[in-house]
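No experiment lies behind these values; they were computed from the predicted model shown.
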Amino acid sequence: MTDQSKGRIRGTGNRRRPPTARRRAATLAAWSAAGLVLVGGSGLGWVYLKLNGNIQGVDISSRLGSDRPDDVDNGSMDILVLGSDSRAGANGEYGRDEGGARSDTAMIVHIYEGRQKAAVVSVPRDTLVDRPRCTDSRGDGVPGERRAMFNTAYEVGGPACAVKTVEKISGIRMDHYIEVDFTGFKKLVDELGGVDVTTTEAIKDSKSHLDLEPGTHTLGGEEALGLVRTRKAVGNGSDLGRIQLQQAFIKALIQQVKDVGVFTNPKKLYDLADTATKAITPDSELDSVQELIGFANGLKGLGAEDVQMITMPVDYDKRDPNRVAPLEKQSKQVWAALRNDLPIPASATKGTADGQAEGIVE
């Protein structure tokens with residue numbers, strides 16, 4: 001699925017300083033790998049060659065065309081972080097592929113000017129959208145579709161179609177794309193020595209093989225993967241509840257990276273960088289260690305308290321209660337705030353569908 005030719009996801013323009021689940025678990029590795037692990041790397045020049053060999057980039061800029069949102073120069077940065085449900089390679093232990101891989105994890109990460117704050121907007125996989133016409137990884141045209149599930153964009157057209165769809169629904173130009181493998185996510189958590197979370201109620205899920213009593217736990221990679229896959233055992237059993245678990249875990253992960261002294265321990269930094277660069281597939285503007293470090297170095301000051309996390313405002317679809325549809329008014333508030341590099345207002349999430357799992361994991 002990757003294409004290692006050297007292109008750019010961004011077009012011309014002066015955009016943004018500085019220049020240049022077995023399913024959803026992939027997102028968490030992406031956030032830590034691209035935003036937290038590969039930092040302070042100026043002293044790791046001697047391992048550039050090895051780490052560069054781990055990275056497989058994907059060139060999608062030539063497939064995005066010119067019909068894209070404006071390249072706004074306000075100092076912010078937007079990244080689409082995606083995880084697919086592929087069972088290729090080591091991921092086969094979690095089941096067989098059911099047709100083409102889909103993007104069952106999607107987060108739009110907005111880094112504010114100054115790199116001191118960030119906002120993360122999760123896009124539910126079953127959101128009904130008007131998918132635009134796009135170009136797939138072979139260069140073939142893929143027709144658009146009305147009321148298509150969001151996660152089919154990746155299935156029919158790969159990364160470029162996923163980016164095209166996100167830009168269509170948000171009106172925001174994506175500066176970067178990062179895709180992550182969930183087997184790599186497990187290894188990343190294990191390299192950290194586990195991640196500490198507190199559960200306020202028992203979580204028992206036979207499908208994700210998770211069995212946690214209320215209390216504080218240090219989750220290894222396999223348990224962490226089970227937590228972010230959990231759906232039926234929490235809240236109202238919806239995918240929206242699973243997103244709430246994932247967002248809580250991300251904050252715990254960010255805190256854990258800071259607590260274990262990654263930034264001051266060269267060996268720990270190298271081990272995590274080695275794991276992370278094997279786990280991610282970035283766009284061709286981030287497909288070298290030097291580029292990743294330049295990108296991630298600006299994020300190392302972010303703490304869990306500096307990251308605002310929401311789910312894209314949706315409600316259950318009137319024609320199909322197994323799907324969700326964007327709430328137009330609230331969604332416009334979200335996208336307008338990010339386009340203008342402003343915090344997302346609380347009013348944007350009022351009256352939206354809720355997975356009823358908030359506070360289960362802290």
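A salt bridge between Glu167 and Arg173 is absent, with no side-chain N of the basic residue lying under 4.0 Å from a carboxylate O of the acidic one. Ion pairing of Lys187 with Glu191 is absent here, as no side-chain N (NZ or NE/NH1/NH2) approaches a carboxylate O to less than 4.0 Å. With salt bridges taken as basic N to acidic carboxylate O contacts below 4.0 Å, one links Asp274 and Lys278. Ion pairing between a basic and an acidic side chain is recognised when a charged N comes within 4.0 Å of a carboxylate O; Asp317 and Arg147 show such pairing.
The nearest pair of heavy atoms linking Arg115 to Gly75 is NH1-O, 2.8 Å. The minimum heavy-atom distance linking Met174 with Ile79 is given by the pair SD-C, 4.1 Å. In this structure, Leu82 and Ala162 approach most closely via the heavy-atom pair CD2-CB, 3.8 Å. The two residues Leu302 and Lys117 make their nearest non-hydrogen contact at CD2-N, 3.5 Å. Smallest separation of non-hydrogen atoms from Asp78 and His110: OD1-ND1, 2.6 Å. Shortest non-hydrogen contact noted between Ala119 and Leu338 is CB-CD2, 4.1 Å.
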Inset, instruction - Determine, stepwise, if the pair Gln116 / Asp306 fulfils side-chain contact (heavy atoms from CB on, under 4.5 Å). - result: CA-CA 7 Å; Gln116 300 301 307; Asp306 302 316; over 6 Å; no
Inset, instruction - Kindly determine whether Ile203 and Val361 satisfy side-chain contact (heavy atoms from CB on, under 4.5 Å), including the steps that lead there. - result: CA-CA 10 Å; Ile203 304 177; Val361 173; 4.1 Å; yes
Inset, instruction - For the pair Arg125 and Arg242, evaluate side-chain contact (heavy atoms from CB on, under 4.5 Å) and give the outcome as yes or no after the intermediate values. - result: CA-CA 11 Å; Arg125 64 183 186 182; Arg242 178 160 54 183; 3.1 Å; yes
Inset, instruction - Might you work through the side-chain hydrogen bond (donor to acceptor under 3.5 Å, both in side chains) test for Asn340 and Asn74, ending with a clear yes or no? - result: CA-CA 8 Å; Asn340 291 288; Asn74 62 9; over 6 Å; no
Inset, instruction - Might you work through the side-chain hydrogen bond (donor to acceptor under 3.5 Å, both in side chains) test for Asp354 and Gln244, ending with a clear yes or no? - result: CA-CA 9 Å; Asp354 186 350; Gln244 289 174 308; 3.0 Å; yes
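Two residues are said to be in side-chain contact when any heavy atoms from C-beta on lie closer than 4.5 Å; Val163 and Val166 fail this criterion. The side-chain heavy atoms of Met107 and Ile250, taken from C-beta on, include a pair separated by under 4.5 Å. Under the 4.5 Å side-chain criterion, counting only non-hydrogen atoms from C-beta, Glu201 is not in contact with Val234. With a 4.5 Å cut-off on side-chain heavy atoms, Ile172 and Pro69 do not count as touching. In this structure, Arg131 and Val156 have side chains that are in contact, with non-hydrogen atoms separated by less than 4.5 Å. Side-chain contact between Ile243 and Gln246: present, with at least one pair of heavy atoms (C-beta onward) separated by less than 4.5 Å. Two residues are said to be in side-chain contact when any heavy atoms from C-beta on lie closer than 4.5 Å; Glu179 and Pro159 meet this criterion. When side chains are defined from C-beta on, Trp335 counts as touching Ile108, because their heavy atoms get closer than 4.5 Å.
Residue Glu328 qualifies as open at atom CD: its count of foreign heavy atoms under 6.0 Å is 12 or below. For Gln255, the CD atom sits in a packed shell: over 12 heavy atoms of surrounding residues, nucleotides or ligands are nearer than 6.0 Å. Atom NZ of Lys204 has more than 12 neighbouring heavy atoms from other residues, nucleotides or ligands inside a 6.0 Å radius.
To the nearest 0.5 Å, atoms NZ (Lys207) and CZ (Arg231) are separated by 8.5 Å. Distance CG/Leu219 to CG/Asp190: 10.5 Å, rounded to 0.5 Å. Summarising the geometry, atom CG belonging to Asn54 is positioned 9.5 Å from atom CD belonging to Gln56; distances are rounded to the nearest 0.5 Å. Put simply, NE2 on His217 and OG1 on Thr199 are 3.5 Å apart, with the number rounded to the nearest 0.5 Å. Taking CG of Asp175 as the reference point, atom CG of Leu80 lies at 11.5 Å (rounded to 0.5 Å). Of the inter-residue distances, the one linking Ser137 atom OG with Ile60 atom CD1 reads 11.5 Å to the nearest 0.5 angstrom.
Considering only residues two or more places apart in sequence or on other chains, Ser238 meets the side-chain contact (heavy atoms from CB on, under 4.5 Å) condition with Asn236, Leu240, Tyr316. Under the rule for a side-chain contact (heavy atoms from CB on, under 4.5 Å), the partners of Gln333 that lie at least two apart in sequence or sit in another chain are Gln330, Pro345, Ser347, Ala348.
Between Val195 and the options Leu188, Val189, Thr218, a side chain to side chain contact (heavy atoms under 4.5 Å, CB included) holds for only Val189.
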For a quick test of your reading: what N or O donor-acceptor pairs under 3.5 Å do the side chains of residues 307-315 make, sequence neighbours left out?
residue: Gln308; atom: OE1; partner: Ile344; partner atom: N; Å: 3.3
residue: Gln308; atom: NE2; partner: Ile344; partner atom: O; Å: 3.0

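Note on Leu327 and Val334: separate hydrophobic clusters, where clusters join Ile, Leu, Val, Met, Phe, Trp and Tyr whose side-chain heavy atoms are under 4.5 Å apart, directly or indirectly.
With hydrogens and angles left out, the side-chain atoms of Ser122 and Gln247 include a donor and acceptor closer than 3.5 Å.
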